[in-house]
Enquirer: 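Here it is, the structure in full.
Computed from a predicted model, the values in this text were never measured in an experiment. Here is how names work: the chains are called A, B, and so on, in the same order as the sequence lines, proteins then strands, and each is numbered from 1.
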Amino acid sequence: MKFLALFSAMLFVGLCALMGCSKFLDAKTDQRLFIPTRVTDLQALLDYFPTMNKNQLFLGESCADNYYLTEDDWAKRPVYQQRQYTWEPDYIFEPYPNQWSNGYEGVFVANTVLSIGSKLSDAEKVKPEWQYVRGQALFFRARLFAEIAFVWAPAYDQVTAGVDLGIPLRLTDDINEPTVRASVAETYQRILADLTEAIQLLPEINTSATRPSRAAAYALTARVYLAMGKHDEAWKYADTAYRLSPVLLDYNQLDSDATRPFEQFNDEVLFHARTLNPSLLSNTRAKIDSTLYDSYHPSDLRKILFFRDNGNGTYGFKGNYSGTTGLFTGLANDEIYLMKAESEARHGNTTEALAVLNQLLITRWKTGMFIPYTATSPHEALDIILRERRKELVYRGLRWIDIKRLNKEGYDIELVRHLGDKRYVLPPNDLRYAIAIPEDVLTLSGIEQNIR
Amino acid sequence: MKSLFALLLSIVSFQAYAQYQLTGRVTDAASGMAIKGANISLTNGLTKATADSAGYFSIILSVLPDTLIITHVGYKIGKRVITSVLNPVKVSLDISNGLLEEVIVSTGYQSIPKERATGSFVSISGDLLTQQVQTNVLDGLPYVANSVSTGQRTNQSAPQLRVRGMSTLNGPQDPLIILDNFPYEGDIGNINPNDVESITILKDAAAASIWGARAGNGVIVITTKKAKYNQPLQVNVNTNLKVLPIPDLYHHPQITTADVIELEQLLFDKGYRFADTANMNHPPFSGVYELLFQRRNGLLSENALQNELDKLKRIDVRKEYTDLFYRRGINQQHSITLRDGTQNHLWNAAVGYDRNKDVLDALYQRLTMRYGNTINLTDRFTLSTSINFAWRNQKSGKPSFESIRQNSVGLPPYTTFLDADGQPIPFFKDYRQSYISEMSKHEKLLDWNYYPTDDYRHDRTSNNVLSTQVDAGLHYRLLPGFDVQVNYQLQFQQSDLLHDQSLESYAARDLINRFYQPDDDIYGVPVGAIQERSENRILTHNYRGQLNLDQSWGRHQVTAIAGTEIRSIERKSANHRYYGYDDNLLLTSRVNYLTQYDNFVNTWPQTVPAPASFGAGINRYISFYATGSYTFDRRYVASLSARRDASNIFGANTNNKWAPLWSAGLAWSLHEESFYSLTTLPYLKLRATYGFSGNIDPSLSAITTMAYRGTSIYTLERYASVDRFYNPDLRWEKIGQFNLGLDFKLANGLLTGSLEVYLKKGVDLYGPSPIDYTSGIGVPVITKNAANMKARGIDVHLTSINTDGAIRWSTTLNTSFYRDRVTAYYLNDIPLTSYVGSSMIGQVDMPVQAIRSFRWAGLEPNTGNPMGFGPDGEPSTDYNYLTDGASVESLRFHGSAAPSCHGAIGNTLQWKNLSFSCYIGYRLGHYFRRPSFSLSAFTNGLKGHSDYHDRWQKPGDEHLTNVPSVSFPSDARRQNFYRGSEILVERADNIRLQYINIAYRYRCAQVFLNCNNLGVIWMANDHGLDPDYVTTAIPPGMDVALGLRLSL
């Protein structure tokens, strides 16, 4: 009977479905989705440049003194930006999304890669690519922690670092893990530990400037040690980075009329990171500090390559190594030269220090116009180097941490903003150098605000 | 397949017959008067007869015995078994009031008489539904169906239907739609309303729990028209024409053009957007700004400026727009339905065609075809098949109001589109006037002007949807009262969206220009048309095996079904984009997608956009279900139903893939009791049910998943990002519901109705949980099982016959009272602004959609700044405290955004062949936030609420107005405080005349006139605001439809 055949077929199908339902139900609701299980998946996560390279922090410049706003332009900014500009102790960030979330998004990706990576199958783990991927993830995390610590934590102080409030060190991809603040000492220990391991895992050179290399890890370590005031270690790492990545651009080859004189991945770029176009710092709004502008010699090509004439006696910045209007906050070889020169000088090697500096500067000046620096003492050399450091690394997001660390040594850099008749002063070593954490983060996480 | 249909079509039953002539008379049972025109047919025989004016008839019988079936409008069906033709038969018919007749409700799994059901069903006939002339089958439902409501309209698309209010906070809110036994996954637009026999709404758990994990929001079962056994060929023709009015662009009160100009001058004086003059993107400025710049640069005298501004002040873009772009829309709807049934074979066929030309000239066409067969292969075996086909085509028309905007400006109210000679004027959409005129000298660039009145002809989209549904069912009567059935349904929907931007279109010219490389003289984007295609496919397989039991012995009756169901819904999509597309020769150009070109405008490097993307995914379900009811002595009914679902919800733990859901119910027909003696109330039934249904969001995941996003231009390798986060505790939402119902009917059927009380309890509801974004997941909120809620409500349904003489007047009333509250909320640390925002934040003991506001302390006398109450209880303008620091308790609670009472009252008057119906809908007891002037909204769109006229301008004004002063730059927190303050919260109660219908019937023909959306009759707020359309949506105006129905 046909019917019986049909009925048994129905039962059969039903039973099959029942037995095989675990398989039937394993189909993917969205085919593009997958659970990362291979090293290539993790590499793909780190290659997601919108998070990992593009949308980086710019607070190192927006809080600092390389630029100023006219009262008019300032008045037209949203209140949060106004407060940020005048170093208010609180409410300097809009609720999510803001610079805090930008910083920690990359940290989450790095943590996801590290966490999934630790659970990879043995077959995947033995692949050499896994070491490379792990090295990159550690580098990304360390770099972001450093960026965050440079603005939200107080300057490193050997004596009080153990009790000073550092930043939340999120080390897991579990979103339910509560956020807690580490001490400044723990913060820097973690950054250095991640970098030390990354250096061992990363290849000497990278395939793309959006991925970190060993040279970039050395340079970053030197930057961190410099920020901590540990100049011996800084010297060691800057020197190695200098050997690995010595290429410099010749500024004489560049077109100063161009709106973007520097290419995106030019030869000096070691690791590419950039900010979005920050509205406070847009080059139609932010005017370059006139003392800074005047400090460039007319034969110094940076004067025309870095700055654009607004036509009214003020200047905007156009010298981004990012090749876009976003600020370049990655790592470039010129910074390595300056770090090496500075640490040599602090070591007492006046000649060596200035030799490195002159090597750099000769490429920045019109051919034949540069007169190499000489100095009679390491101290004099250091002053020259720090002056040149500020001139070379404008808008690299480094000015804020430089002021912090130098003030710690007693350089007494006082920041002043003028708005109409009003004068806003940020005295050296003020508590506000550790800027306010967004208030909604405090509410949501329960962590404490920086000491005001 | 072909041969199968040929077989089905060729099956006609032939029977040799003898002839017997029978005579008889039909009379009214109550009065004994003859019933003229009664129809007489036979169960077995094919002949028919009609009673004459004295009630006599004569009919030929081919077999004996046979059963006479006597029908007449207004009477109950009469049946008489005929064993002999020797004596004339006398048949008397009882008057029927057409109400609470044997109503069959369909759950999608079974059809049961409503009298034997314990659950809560609402049944709407296709006739009632099509009183409102609609293209979409569900559009008219809220006005005629009990307990169905809609959410607030936020845009012009169809509002969301809700059955018995909210059952979820953040999960999917759509009720489940069942079309002929199976969930419908295609577009609801594929269904022609004229094909609908009835719609059943399953309201309570006992009714809906059979649908398990997706029934939490209620279930709407659509049953299409089918033939009935022994029903002679019936032909229904329906044709109608509907005229849609031009939308009222003046609906939302706006500041005048003069005010806009004045405000722009103020902004100009403050230097607003001056930085953009140096912006490398050359963003446009409004016409007024351009004039002011000219004045500032000395190119225009003060007098000339004032002249120009005066000219602009006289323009109102809403008038320009109405005149140029809008015109009356015309919808046509035609359908023909054929149904025929003999003893062993049923068939039905329908063809429908809709052609809508909307107010913006967009064209919508729909062709639907249905063909169905049911054949009794043997006396035990029934095969039913049907094939349904729908084709839809939608073509874009003119741009809608405000879709044309100047980038970073908006649509200035003094915009004109044609010059004095009727020639199009360019509109500066993306770039400044001066930049475009400068670039027009560049010979290699294409014309960079945008002409709104013309551009839509060259920038067109067309959507073509084909949908096919094939049903097959085998029904086998194993034993008397014991059946087995197998059903299979295939749904396939294919839609192809074409977006053509010809070389004449602005979009194509703009892209080509932006990729022009002056240094190398090459075009990064080839000069030619651009075509974008998106293809979507949905393929659904439904398989069901079911056992049906229907047994009665003595005073016992048992009805039960049990079955298993397997469903698979596969979705695929593809998007492509072609450059240099030639429609005639079918050619495309080659494009270099890898090279970074310098953007011609701002010189930023960028690659040619290369949209080629694919999507695919499958949702699968396996379910087991059983439901049964036991009736004792027709008085007591007990029902039980259980279901277990499993789905491939991605990343869920296997244990969580399965969700058991059940329900139970009792019904008691009091009127069947021996002690029952209320003759005035001949029908009285009590029902009580309790059970669970669920709600699932298949997009949620319990483990970290990632998705590849494309190929990195930097590494040339694929890159990916995290898509869904590790969230291991995610569970399905579960909704428990208790329902108590009372059905009654007065003697003579003058009043019938039902009263239902229900309690709903939702647990593990998804909620938006603000997350500490230090976790870095890139979103501020994530979904968690965050809340529990309770809701209670009363549904009243009454139908009365008020007069039953020459004029028959009947009234239908549907009223629902509804109140919900959050009973638990597991999330803390919610920023204060979220409580006054639009998101649903659970606050214990508050309604799910609570409207809360900041306390208002007036305007500051010296500045006109809005004030709230500071920490010391004194008026304060510390907006950081007011919008962030204050406690939740300091907020004022108004009520719910959902109406606590809603419904509709319909009246029908019938006089001879003329009938008149009128439906009035009401939504009461809820609140809304009215819009007001906001400077940031003004700077974002050059439009502002007319509250601007009442703003604080000088000290003293604070006694006259509550509209804050306008100050620049705008302070977001000040703005948030004002927008969330109590003075902007209003009662939303409103009553509106939904539709009227006038019909005249002559023999088999009916001519009707239907007017929809006649407008608001009453509303509680004093501002003249239609609370259902407070945001940007413009309420639909009255449409008028004229039509003809034929039943042959």
Side-chain angles (χ1 to χ4, degrees), chain A residues 3 6-7 10 14 17 21-22 24-36 41 44-45 47-49 51 72-73 75-79 91 95-96 100-101 104-105 107-109 112 168 170 173-175 179 207-208 210-211 259-260 264 282 284-285 323-324 439-441 443-445, chain B residues 271-272 275 278-280 381 474 476 484 486 545 564 566 603-605 615-620 622 646-651 654 657 698 703-709 712 714-715 717-723 725-726 770-778 780 829 831 880 884 969 971-973:
Chain A
F3 159 70
L6 196 87
F7 187 60
M10 176 187 122
C21 66
S22 59
F24 179 75
L25 294 177
D26 280 345
K28 281 199 260 180
T29 46
D30 182 343
Q31 212 169 301
R32 282 183 316 144
L33 288 184
F34 63 98
I35 301 157
D41 298 338
L45 282 174
D47 280 345
Y48 192 69
F49 58 86
T51 304
D72 239 24
D73 282 335
K76 279 178 264 169
R77 300 320 305 155
V79 174
Y91 291 102
Y96 179 93
W100 183 269
S101 58
Y104 277 99
E105 270 167 44
V107 173
F108 173 75
V109 175
T112 304
R170 292 205 59 102
D173 61 339
D174 182 355
I175 55 176
T179 297
T207 45
S208 160
T210 55
R211 289 185 189 170
T259 32
R260 291 174 292 109
Q264 186 157 55
S282 90
T284 52
R285 195 172 286 127
T324 68
E439 278 69 19
D440 58 336
V441 170
T443 315
L444 292 165
S445 66
Chain B
Y272 170 68
N279 188 321
M280 285 157 66
F381 236 136
L474 260 181
Y476 183 75
V484 184
V486 188
T564 172
I566 297 169
T603 72
W604 296 351
I618 300 184
N619 286 103
R620 282 179 172 166
I622 300 180
S647 80
N648 65 335
I649 178 170
F650 193 52
T654 315
K657 284 181 179 173
I703 51 173
T704 303
T705 56
M706 49 185 265
Y708 275 101
R709 305 294 177 189
S712 163
Y714 302 129
T715 57
E717 287 182 28
R718 294 189 288 185
Y719 64 104
S721 65
V722 174
D723 191 80
F725 306 100
Y726 175 63
I771 179 159
D772 167 19
Y773 53 86
T774 313
S775 61
I777 61 169
D829 306 325
N880 284 337
D884 189 29
D971 173 350
R973 287 201 176 231

Enquirer: Below 4.5 Å, heavy atoms only, C-beta onward: do B/R973 and A/V79 meet side chain to side chain?
Expert: no
Enquirer: So, do A/Y48 and B/V722 sit near enough that their side-chain heavy atoms are less than 4.5 Å apart?
Expert: no
Enquirer: Measure the spacing between CG of A/D72 and OH of B/Y272 and express it to the nearest 0.5 Å.
Expert: 14.5 Å
Enquirer: Would you name the heavy atoms of B/M706 and A/D41 that are closest together and state the gap between them?
Expert: CE-O, 3.2 Å
Enquirer: So what's closer than 4.5 Å to chain B heavy atoms on A/S101: side chain, backbone, both or neither?
Expert: both
Enquirer: Evaluate the side-chain proximity of B/P605 to A/R260: yes if any heavy-atom separation is below 4.5 Å, no if none is.
Expert: yes
Enquirer: CH2/A/W100 to OH/B/Y773 distance, rounded to the nearest 0.5 angstrom?
Expert: 8.5 Å
Enquirer: Tell me, for A/R77 versus chain B, whether the close heavy atoms (under 4.5 Å) come from the side chain, the backbone, both or neither.
Expert: backbone
Enquirer: If you tally heavy-atom pairs under 4.5 Å against chain B, which of A/T51, A/T259, A/T324, A/D47 wins?
Expert: A/D47
Enquirer: Relative to chain B, which of A/D73, A/V107, A/V441 shows the most heavy atom pairs under 4.5 Å?
Expert: A/V441
Enquirer: For chain A, which of B/D971, B/N279, B/T603 has the most heavy-atom pairs under 4.5 Å?
Expert: B/T603
Enquirer: Please walk me through it: do B/D772 and A/T179 pass side-chain hydrogen bond (donor to acceptor under 3.5 Å, both in side chains)?
Expert: CA-CA 8 Å; B/D772 167 19; A/T179 297; 2.4 Å; yes
Enquirer: Looking at A/A44, A/S282, A/G323, A/P36, which one has more heavy-atom pairs under 4.5 Å with chain B than the rest?
Expert: A/A44
Enquirer: A side-chain contact here means heavy atoms from C-beta on lying under 4.5 Å apart; do B/I777 and A/Y104 qualify?
Expert: no
Enquirer: Among B/E717, B/R718, B/M280, single out the residue with the greatest number of heavy-atom pairs under 4.5 Å to chain A.
Expert: B/E717
Enquirer: Heavy-atom cut-off 4.5 Å, strictly under: side chain, backbone, both or neither for A/Y91 against chain B?
Expert: side chain
Enquirer: Measuring heavy-atom distances to chain B, does A/P78 have an atom under 4.5 Å in its side chain, in its backbone, in both, or in neither?
Expert: neither
Enquirer: A/Y96 and B/G778: which non-hydrogen atoms are nearest, and at how many Å?
Expert: OH-O, 2.6 Å
